Asker: 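Okay, handing you the structure first.
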Amino acid sequence: MTARTFVQTGRKIVAIGRNFSEHAKELGNAVPTAPFFFLKPTSSYVASPGKIEIPQGCVVHHEVELGVVIGKTGRNISAASALDHVAGYALALDLTARNLQDEAKKKGLPWSAAKGFDTFTPVGPFIPADQIPDPHNVRLWIEVAGQIKQNGITDAMIFQIPQLIEHVSRIMTLEEGDLLLTGTPKGVGPVQPGDNVVAGLEYQGKELSRIEFEAIKRD
C-alpha cells in the first residue's frame with residue numbers, strides 16, 4: 001500500500017504555512033486569511049531514529065507538525081469528502097533554515113532552500129486513520145536537549161484539515177502517498193549540532209508516535 005510506505009513512495013510533501021495563529025505572531029507574521037503552502041522535496045525525509053544534519057551557516061529551527069497521509073488520489077476535492085482521501089497520519093518535523101527563510105522573505109523569493117535540505121523532514125511511522133478519529137484533537141510536543149519547546153493541540157489550527165485538502169487539491173492533484181504538513185504550534189526555536197531531539201504525538205492521552213533524532217553537523 002503506497003500510503004503506508006509514503007516515505008519511500010510518496011511523490012510530494014505539501015506544507016501549510018502559519019496555520020497556528022500564535023506561531024505566526026511569534027515570528028512577526030500576519031495571521032493568514034486563507035491557507036497558503038509550499039512544497040518540500042521527498043529527499044528531505046529522514047526516518048526515526050536518525051540524524052538531523054545542520055548545514056554550516058544555517059540557523060535551523062524545529063517545527064513539530066501533524067502530517068496527513070493521502071490514501072486516495074483526487075483533485076478538486078470538497079471539504080465535505082476530504083477525509084475520505086486520508087489514509088492516515090504521521091508525526092513530522094518541518095525543519096527550517098530560519099536565516100535563509102528571513103532573507104528569502106525580504107527579497108520576495110521562494111523558501112525552497114530554507115526548507116529543502118536533506119534531513120529537513122524528520123518523520124515517524126504511518127498511523128492508520130482509524131487510530132485518530134478526530135485529527136483536530138491531537139497533542140504534539142517536542143523536546144530539544146532535554147527541554148520541552150513546543151506543546152500544542154491541533155484544535156488551534158486556523159484552517160482545519162478538510163479545508164486544507166480542498167484548497168490544495170484545487171491547485172494540484174493530491175496523490176496517494178503524498179504528505180500534507182498542517183502547521184506548527186508556537187514555541188519554534190533552534191536545533192544545534194549535538195542536540196538530542198525527541199517529539200511525540202498523543203491522542204486522548206495515548207501516545208501513538210514518538211520519534212528521536214540526533215543533530216549533527218552536515219559534512
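Everything quoted here is computed from the prediction, not taken from an experiment.
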Asker: Is the shortest heavy-atom distance from the side chain of T182 to the side chain of M157 under 4.5 Å?
Answerer: yes
Asker: Minimum heavy-atom separation for V46 to K51, with atom names?
Answerer: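 Heavy atoms of V46 and K51 come nearest at CG2-O, 3.9 Å.
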Asker: Any side-chain heavy atom of P185 sitting closer than 4.5 Å to one from N151?
Answerer: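 No, side chains not in contact.
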Asker: Roughly how far apart are K149 NZ and K186 NZ, rounded to 0.5 Å?
Answerer: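 Atom-to-atom, K149:NZ and K186:NZ are 14.0 Å apart.
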Asker: For a 4.5 angstrom cut-off between non-hydrogen side-chain atoms, does L179 reach Y45?
Answerer: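 Counting from C-beta outward, L179 and Y45 do come under 4.5 Å.
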Asker: For T173 and G74, indicate whether the former's side chain and the latter's backbone hold a donor-acceptor pair under 3.5 Å.
Answerer: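 Checking the backbone N and O of G74 against the side chain of T173, no donor-acceptor pair under 3.5 Å is found.
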Asker: Knowing that exactly one of V123, L140, I127 qualifies, which makes a side chain to side chain contact (heavy atoms under 4.5 Å, CB included) with L91?
Answerer: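 For L91, the side chain to side chain contact (heavy atoms under 4.5 Å, CB included) test succeeds with only one of V123, L140, I127, which is L140.
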Asker: Do V60 and P190 have side chains that get closer than 4.5 Å, going by heavy atoms?
Answerer: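 Answer no - side chains too far apart.
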Asker: Strictly below 4.0 Å, N to O, side chains only: are E175 and K12 in salt-bridge contact?
Answerer: yes
Asker: Assess the residue pair F37 and M172 against the criterion (side chain to side chain contact (heavy atoms under 4.5 Å, CB included)); give the C-alpha distance rounded to whole Å, side-chain angles, the decisive distance to 0.1 Å, and a yes or no.
Answerer: CA-CA 12 Å; F37 64 89; M172 61 184 66; 3.6 Å; yes
Asker: Applying the side chain to side chain donor-acceptor pair (under 3.5 Å) test to T184, which of E65, E63, Q150, H62 qualifies?
Answerer: Q150
Asker: For D118 and S43, which heavy atoms make the closest approach, and how far apart are they?
Answerer: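 Heavy atoms only, the tightest pair is OD1-O, 3.7 Å.
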Asker: Just list the side-chain donor-acceptor pairs under 3.5 Å for residues 193-204, sequence neighbours left out, or say none.
Answerer:
unit_1, atom_1, unit_2, atom_2, d
D195, OD2, Q192, N, 2.8
N196, ND2, E212, OE2, 3.0
E202, OE1, R139, NH1, 2.8
E202, OE2, R139, NH1, 2.7
E202, OE2, W141, NE1, 3.4
Y203, OH, D134, N, 3.1

Asker: Is there a side chain to side chain contact (heavy atoms under 4.5 Å, CB included) between D178 and F6? Walk through the geometry before answering.
Answerer: CA-CA 7 Å; D178 286 349; F6 70 96; over 6 Å; no
Asker: Less than 4.5 Å apart, side chain to side chain, heavy atoms only: is that true for P128 and R4?
Answerer: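 P128 reaches R4 side chain to side chain.
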Asker: Atom OG of S112 and atom CZ of F38: how far apart are they, to the nearest 0.5 Å?
Answerer: 9.5 Å
Asker: Using side-chain heavy atoms (C-beta onward) and a distance below 4.5 Å, is K107 in contact with K105?
Answerer: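 Counting from C-beta outward, K107 and K105 never come under 4.5 Å.
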Asker: Restricting to non-hydrogen atoms, name the atom on H85 and the atom on S81 that form the minimum distance, rounded to 0.1 Å.
Answerer: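 Result for this residue pair: CD2-O, 3.5 Å.
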Asker: Please check: side-chain N/O of N19 versus main-chain N/O of I16, any donor-acceptor pairing under 3.5 Å?
Answerer: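 No; zero donor-acceptor contacts below 3.5 Å.
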Asker: State, to 0.1 Å, how close F120 and A97 come at their nearest heavy-atom pair, and which atoms those are.
Answerer: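 Taking every non-hydrogen atom into account, CE2-N, 3.7 Å.
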Asker: Testing V86, I13, V14 one by one against L180 for a side chain to side chain contact (heavy atoms under 4.5 Å, CB included), which residue passes?
Answerer: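 Only one option passes, and that is V14.
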Asker: If you apply the rule side chain to side chain contact (heavy atoms under 4.5 Å, CB included), what do you find for L174 with T73, and how did you get there?
Answerer: CA-CA 6 Å; L174 286 172; T73 296; over 6 Å; no
Asker: Looking only at heavy atoms, which two atoms of F117 and S44 are closest? And how far apart?
Answerer: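 Taking F117 first and S44 second, the nearest heavy atoms are O-CB, 3.4 Å.
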Asker: Hey, could you give me the CD/NZ distance between Q101 and K115, rounded to the nearest 0.5 Å?
Answerer: 5.0 Å
Asker: Report yes if some heavy atom in the side chain of V68 is under 4.5 Å from a heavy atom in the side chain of L164; otherwise report no.
Answerer: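 V68 does not reach L164 side chain to side chain.
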Asker: Do the side chains of D94 and K40 get close enough for a salt bridge, i.e. N-O under 4.0 angstrom?
Answerer: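 Yes, charged N to carboxylate O under 4.0 Å.
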Asker: Mind checking whether W111 and F36 have parallel, tilted or perpendicular rings, split at 30° and 60°?
Answerer: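 The arrangement is perpendicular - the two ring planes meet at more than 60°.
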Asker: Mark yes or no for whether H136, through its side chain, and A156, through its backbone, hold a donor-acceptor pair below 3.5 Å.
Answerer: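 Not at all, since once roles are kept as given, no pair shorter than 3.5 Å links the two residues.
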Asker: Tell me whether the count of non-hydrogen atoms from other residues, nucleotides or ligands lying under 6.0 Å of CZ in R218 goes above 12.
Answerer: yes
Asker: Run the side chain to side chain contact (heavy atoms under 4.5 Å, CB included) check on I52 and L95 step by step: do they pass?
Answerer: CA-CA 9 Å; I52 293 167; L95 297 181; 3.3 Å; yes
Asker: Can any side-chain N or O of T154 pair as donor or acceptor with the backbone N or O of N137 at less than 3.5 Å?
Answerer: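 Answer holds: yes.
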Asker: Do any pairs count as a side chain to side chain donor-acceptor pair (under 3.5 Å) and have a residue in residues 157-169, sequence neighbours left out, and if so which ones?
Answerer: none
Asker: Any side-chain heavy atom of I158 within less than 4.5 Å of one from F20?
Answerer: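 The answer is no; the side chains never approach within 4.5 Å.
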Asker: For A113 versus L100, what's the shortest heavy-atom pair and its separation?
Answerer: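 Minimum heavy-atom contact is O-CD1, 4.4 Å.
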